[in-house]
Colleague: 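Pasting a structure below so you can have a look.
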Amino acid sequence: MSDSQKANDDIERLVVASQAGDKGAFDQLVRLYQRRAMQLAVRMLGDASEAAETVQNAFVRAYLNIGKLKQTKRFEIWLLRIVTNAAISQRRIAKRRKERIKIANGRGENDSAVSPVDKQIAEELKDAIQQAMLKLPKNQAKAISLFGLKGLSHKEVAEIMDCSVEAARWYVFRARQKLKVLLKEYL
Amino acid sequence: MMKDEKEKIDLLFQQNAAEQLAGVDWDELNTAISSRLDETEHSKTSVRKHATIFRIAAGIATAAIVLIAVIVGINRPEGVKLQNGRRAVVKFIETKGSALVEIKHAGGKGKAVVDIGPSRIKLVKCDVRIIDFNGKRPKTDQRPSWIIVKRAEPLFADNGANTDMVDIMCLF
């Protein structure tokens with residue numbers, strides 16, 4: 001038996017045990033998949049703290065619904081779908097939060113240009129990506145984030161998005177077109 | 001779109017993701033998730049406990065309602081006189097086809113033919129024809145059934161004093 005097959009069997013065992021109500025088994029799944037979930041959430045939201053909130057919500061949803069998962073071998077795909085949906089919900093919260101900050105600071109949308117000089121480039125890039133991702137329609141945001149996630153085939157991306165591979169590719173194409181405009185200062 | 005631009009966008013995303021993830025304390029995140037799961041488990045248990053209490057309370061309430069309904073039913077006056085030309089509430093014993101209702105009206109004892117139809121409906125408004133107690137049976141294809149009036153309190157104004165037609169509301 002190959003190492004990857006053994007790992008898959010172990011994961012399946014943990015999923016089955018979680019379905020039977022073993023919280024310890026689910027905790028192990030959390031440890032195994034929290035990095036993967038964070039990678040996706042950060043790509044979708046551009047910000048680690050928003051992503052961390054999303055990942056927590058996603059694991060709670062997964063915990064509550066794991067009994068409904070029929071194909072236990074497809075746990076990762078199922079979990080990533082939950083993460084993308086949780087990230088879409090988080091986008092709404094992030095948008096509102098951004099609006100509140102803007103109002104509180106009395107700043108306009110393009111005021112990032114007059115931000116403090118000591119602001120790090122990384123911080124500016126994070127803000128720019130976050131703003132750009134919030135402006136993308138949800139399917140485009142999902143597609144561009146999932147396509148960039150290592151180890152996912154186009155078919156799996158389409159499965160997570162519940163659409164055809166062609167449609168997923170189209171969303172990526174459209175997302176890149178928009179990001180080209182939104183992130184032109186960084187290209 | 002130029003391949004170069006496409007790659008640059010992907011690179012920006014990778015760069016940002018790497019920088020964002022570099023600052024993540026994975027143990028802290030794991031603890032936060034575990035804590036959320038514990039809270040969820042606790043609230044699930046709490047909901048289950050409350051659901052049990054609610055079910056018991058609902059059972060007691062239902063039993064109390066049934067008990068009250070039985071007591072009220074037992075104490076309900078029967079055989080109240082039905083005035084001719086008035087509406088009344090009657091309870092049918094037979095509920096198939098036409099039914100014959102025995103009632104007491106102002107002019108004495110009488111019978112009423114009620115067409116209750118084939119369907120078993122809960123509440124129906126019927127036209128009742130008062131017939132002579134000693135008269136002939138109505139000439140209909142369906143045999144009439146005897147019905148005892150359980151309650152006959154006048155509810156509405158009549159249709160006219162010089163007619164022997166009565167509207168009654170029938171509960172069955």
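Every chain is numbered from 1, with letters handed out A, B, ... down the list of sequences. Only this structure's heavy atoms are used, side chains among them; waters, hydrogens and symmetry mates stay out.
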Colleague: Can you run down the side chain to side chain donor-acceptor pair (under 3.5 Å) pairs that involve residues 77-87 of chain A, sequence neighbours left out, and say none if there aren't any?
Modeller: N85(A)-K142(A)
Colleague: Only pairs of heavy atoms separated by less than 4.5 Å count here; which of G46(A), G148(A), A52(A) has the most with chain B?
Modeller: G46(A)
Colleague: Measure from the side-chain N and O atoms of S35(B) to the backbone N and O of T31(B), and report whether any donor-acceptor pair falls under 3.5 Å.
Modeller: no
Colleague: Is it the backbone or the side chain of L37(B) that comes under 4.5 Å from a heavy atom of chain A, or both, or neither?
Modeller: both
Colleague: Less than 4.5 Å apart, side chain to side chain, heavy atoms only: is that true for L152(A) and R36(A)?
Modeller: yes
Colleague: Sort by residue number and list every member of residues 11-20 of chain B having a non-hydrogen atom under 4.5 Å from chain A.
Modeller: L12(B), F13(B), Q14(B), Q15(B), N16(B), A17(B), E19(B), Q20(B)
Colleague: Quick one: what part of T40(B) sits under 4.5 Å from any heavy atom of chain A, side chain, backbone, both or neither?
Modeller: side chain
Colleague: Under 4.5 Å from any heavy atom of chain B, what part of F26(A) do you find: side chain, backbone, both or neither?
Modeller: side chain
Colleague: Could you tell me which of V42(A), L183(A), I144(A) has the largest number of non-hydrogen atom pairs under 4.5 Å with chain B?
Modeller: V42(A)
Colleague: Show me the pairs that pass side chain to side chain donor-acceptor pair (under 3.5 Å) and involve residues 12-33 of chain A, at least two apart or across chains.
Modeller: D10(A)-R13(A), E12(A)-T72(A), K23(A)-D27(A), K23(A)-D38(B)
Colleague: Who clusters with I60(B)? Use side-chain heavy atoms, under 4.5 angstrom, across I, L, V, M, F, W and Y, and order the result by chain and number.
Modeller: I56(B)
Colleague: Is L134(A) linked to M44(A) within one hydrophobic cluster, defined over Ile, Leu, Val, Met, Phe, Trp and Tyr using a side-chain heavy-atom separation of less than 4.5 Å?
Modeller: no
Colleague: At a 4.5 Å cut-off on heavy atoms, which part of L187(A) comes close to chain B: side chain, backbone, both, or neither?
Modeller: both
Colleague: Counting N and O atoms only, with roles assigned by atom type, does the side chain of E156(A) sit under 3.5 Å from a partner on the main chain of S153(A), one being a donor and the other an acceptor?
Modeller: yes
Colleague: Can you tell which of Q39(A), Q130(A), R43(A) has the highest number of heavy-atom pairs within less than 4.5 Å of chain B?
Modeller: R43(A)
Colleague: Is there a path of hydrophobic side-chain contacts, each under 4.5 Å between heavy atoms, that joins L136(A) and I88(A)?
Modeller: yes
Colleague: Is there a side-chain contact between F75(A) and I66(A) in this structure, where contact means two heavy atoms from C-beta onward sitting under 4.5 Å apart?
Modeller: yes
